Structure formats: structure tokens, C-alpha cells
Engineer: 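Could you have a look at this structure, given as C-alpha cells, before my questions?
Because the structure is predicted, anything quoted here is derived from the model rather than measured.
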Amino acid sequence: MDTSADGVTSDEIKEKLADVQSRADELENRLDHEDLSQMQMNETSGDLYKLWDDEINEIWKYLKATLSDADMQKLTDEQIKWINEKEARIEEEGKEYEGGSIRPLIENRLGAQLTKDRVYELIEYVE
């Protein structure tokens with residue numbers, strides 16, 4: 001079992017991911033089934049996106065501490081490409097709703113989904 005420089009183990013990373021998934025499910029359920037105002041939907045979707053963004057950063061920090069320099073460089077190059085593609089997709093999706101109050105919801109939900117997908121790709125590197 002690998003441990004990062006700050007003493008976090010791979011099992012702890014995986015347990016935290018399970019907790020994040022549970023919290024994300026709650027937020028998605030709120031968005032899908034509760035009668036929320038547009039402002040509440042925008043805020044809740046922003047919370048969802050932040051949840052996944054924080055999680056990807058935690059996994060990244062662990063990987064940086066446990067992977068070899070060569071593996072980390074390769075992953076960093078992939079991550080930069082992924083970030084650029086993610087941001088372009090979010091911007092493109094948002095353009096359709098330019099000036100509308102729904103735009104943050106659309107962008108946040110797409111950003112959350114893309115980031116969640118990437119989290120599950122990166123967790124494969126955690127041993």
C-alpha cells in the first residue's frame with residue numbers, strides 16, 4: 001500500500017472517493033427531483049462541480065507523491081490536454097445559453113460530469 005508524503009494511504013483515497021460519490025449523488029438527486037429556483041439550481045450545480053474538482057485535486061496530490069517522475073510527467077501532459085478539452089467543451093455548451101440564467105447550471109453539470117469521469121480514470125493509478 002502506497003502512502004503519500006502527508007501520510008495518506010491508497011485505501012484512504014478510495015474511501016474518500018466513495019464519500020464524495022455519495023455526496024455527489026445527494027446533490028444530483030436534489031437537482032433532479034427537488035423544486036428549486038434557478039438560483040438554487042445554479043448554486044447546487046456549482047457545489048457539485050466543486051466537489052468533483054476538489055476530489056480530482058486530492059487524487060492528483062496523492063499521485064504526485066507516489067508515482068515516478070516519468071509516470072507523473074506523462075500523466076501531467078495528459079492532464080493538461082484533458083483540462084483544455086474540458087474547458088473548451090464547457091464553453092461550447094454554455095454558448096447556446098448565452099445571457100440566460102440557466103447557463104451556469106448547464107456549464108456546472110457538464111463540468112461536474114467530465115471531472116467525475118476523469119476522477120474515475122485517475123483512481124486507476126492509485127494502488
Engineer: With a sphere of 6.0 Å drawn around CG of D77, does it hold more than 12 non-hydrogen atoms of other residues, nucleotides or ligands?
Structural biologist: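 Yes - once you tally the heavy atoms of other residues, nucleotides and ligands closer than 6.0 Å, there are more than 12.
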Engineer: Main chain of N42, side chain of S45: is a donor-acceptor contact present, judged purely on distance under 3.5 Å?
Structural biologist: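 At least one qualifying donor-acceptor pair exists.
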Engineer: Any side-chain heavy-atom pair from L75 and L122 closer than 4.5 angstrom?
Structural biologist: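 A side-chain contact exists here, since the closest heavy-atom pair is under 4.5 Å.
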Engineer: Under 4.5 Å between any side-chain heavy atoms of Y125 and I59, yes or no?
Structural biologist: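 Y125 does not reach I59 side chain to side chain.
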Engineer: Salt bridge (Lys or Arg N to Asp or Glu O under 4.0 Å) with E107: which residues, sequence neighbours excluded?
Structural biologist: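 Scan of E107 (salt bridge (Lys or Arg N to Asp or Glu O under 4.0 Å), adjacent residues dropped) gives R103.
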Engineer: Might you point out which heavy atoms bring S10 and Y62 nearest each other, and give the distance in Å?
Structural biologist: CB-OH, 3.3 Å
Engineer: Drop me the distance from E43's CD to L27's CG, to the nearest 0.5 angstrom.
Structural biologist: 12.0 Å
Engineer: Could you walk me through whether S22 and E26 pass side chain to side chain contact (heavy atoms under 4.5 Å, CB included), step by step?
Structural biologist: CA-CA 6 Å; S22 177; E26 291 171 11; 4.1 Å; yes
Engineer: Can you name the salt bridge (Lys or Arg N to Asp or Glu O under 4.0 Å) partners of D19, sequence neighbours left out?
Structural biologist: R23
Engineer: Working to the nearest 0.5 Å, report the span between CE of M41 and OG1 of T44.
Structural biologist: 9.0 Å
Engineer: I want to check something: taking the side chain as every heavy atom from C-beta on, are L31 and L105 in contact at a cut-off of under 4.5 Å?
Structural biologist: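 SC-SC contact between L31 and L105 confirmed.
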Engineer: Can you name the closest pair of heavy atoms from L51 and A24 and give their distance?
Structural biologist: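 Shortest heavy-atom separation between L51 and A24 comes out as CD2-N, 3.5 Å.
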Engineer: Measure the OG1-NZ distance between T115 and K50 for me, rounded to the nearest 0.5 Å.
Structural biologist: 12.5 Å
Engineer: Any chain of hydrophobic side-chain contacts (each under 4.5 Å) joining L63 to I83?
Structural biologist: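 Looking at the clustering, I83 is in the same group as L63.
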Engineer: For atom NZ of K74, is the number of surrounding heavy atoms from other residues, nucleotides or ligands below 6.0 Å larger than 12?
Structural biologist: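 Incorrect, the count does not exceed 12.
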Engineer: Under the side chain to side chain contact (heavy atoms under 4.5 Å, CB included) rule, what do Q79 and I56 come out as? Steps first, then yes or no, please.
Structural biologist: CA-CA 11 Å; Q79 190 71 359; I56 205 168; 3.7 Å; yes
Engineer: Go through the side-chain N and O atoms of R30 and Q40 and say whether any donor and acceptor fall under 3.5 Å apart.
Structural biologist: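 Not at all, the side chains of R30 and Q40 share no donor-acceptor pair under 3.5 Å.
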Engineer: Evaluate the side-chain proximity of Y97 to P104: yes if any heavy-atom separation is below 4.5 Å, no if none is.
Structural biologist: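 No. Closest side-chain heavy atoms not under 4.5 Å.
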Engineer: Is it the case that more than 12 heavy atoms not belonging to K16 sit under 6.0 Å from its NZ atom?
Structural biologist: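 Counting other residues, nucleotides and ligands, NZ of K16 exceeds 12 neighbours.
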Engineer: Determine whether L110 and I106 make a side-chain contact, defined as any pair of heavy atoms from C-beta on separated by less than 4.5 Å.
Structural biologist: no
Engineer: When you compare the side chain of R118 with that of L114, does any pair of heavy atoms fall below 4.5 Å?
Structural biologist: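 Contact flag for L114/R118 side chains = no.
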Engineer: Just so I know, are the side chains of Q21 and Y120 near enough to count as touching, which here means a heavy-atom distance under 4.5 Å?
Structural biologist: yes
Engineer: With sequence neighbours left out, which residue pairs that include part of residues 83-94 fulfil the side-chain hydrogen bond (donor to acceptor under 3.5 Å, both in side chains) condition?
Structural biologist: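 side-chain hydrogen bond (donor to acceptor under 3.5 Å, both in side chains) check on residues 83-94 returns Y49-K86.
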Engineer: Ignoring hydrogens and angles, state whether a donor on the side chain of D117 or Q113 is under 3.5 Å from an acceptor on the partner side chain.
Structural biologist: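 The criterion, which ignores hydrogens and geometry beyond distance, is satisfied for Q113 and D117.
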Engineer: What's the spacing between K64 NZ and D71 CG if we round to 0.5 Å?
Structural biologist: 15.0 Å
Engineer: With rounding to the nearest 0.5 angstrom, report the CG to CG distance, D53 to L48.
Structural biologist: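 Spacing of CG (D53) from CG (L48) equals 11.0 Å.
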Engineer: So does K95 pair up with E98, basic N to acidic O under 4.0 Å?
Structural biologist: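 No, no charged N to carboxylate O under 4.0 Å.
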Engineer: Assess whether side chain to side chain contact (heavy atoms under 4.5 Å, CB included) is satisfied between D25 and E28, documenting all intermediate values.
Structural biologist: CA-CA 5 Å; D25 290 345; E28 288 173 356; 4.1 Å; yes
Engineer: In sequence, state the C-alpha distance, the side-chain angles, and the governing distance for I13 and T9, and then conclude on side chain to side chain contact (heavy atoms under 4.5 Å, CB included).
Structural biologist: CA-CA 6 Å; I13 290 289; T9 66; over 6 Å; no
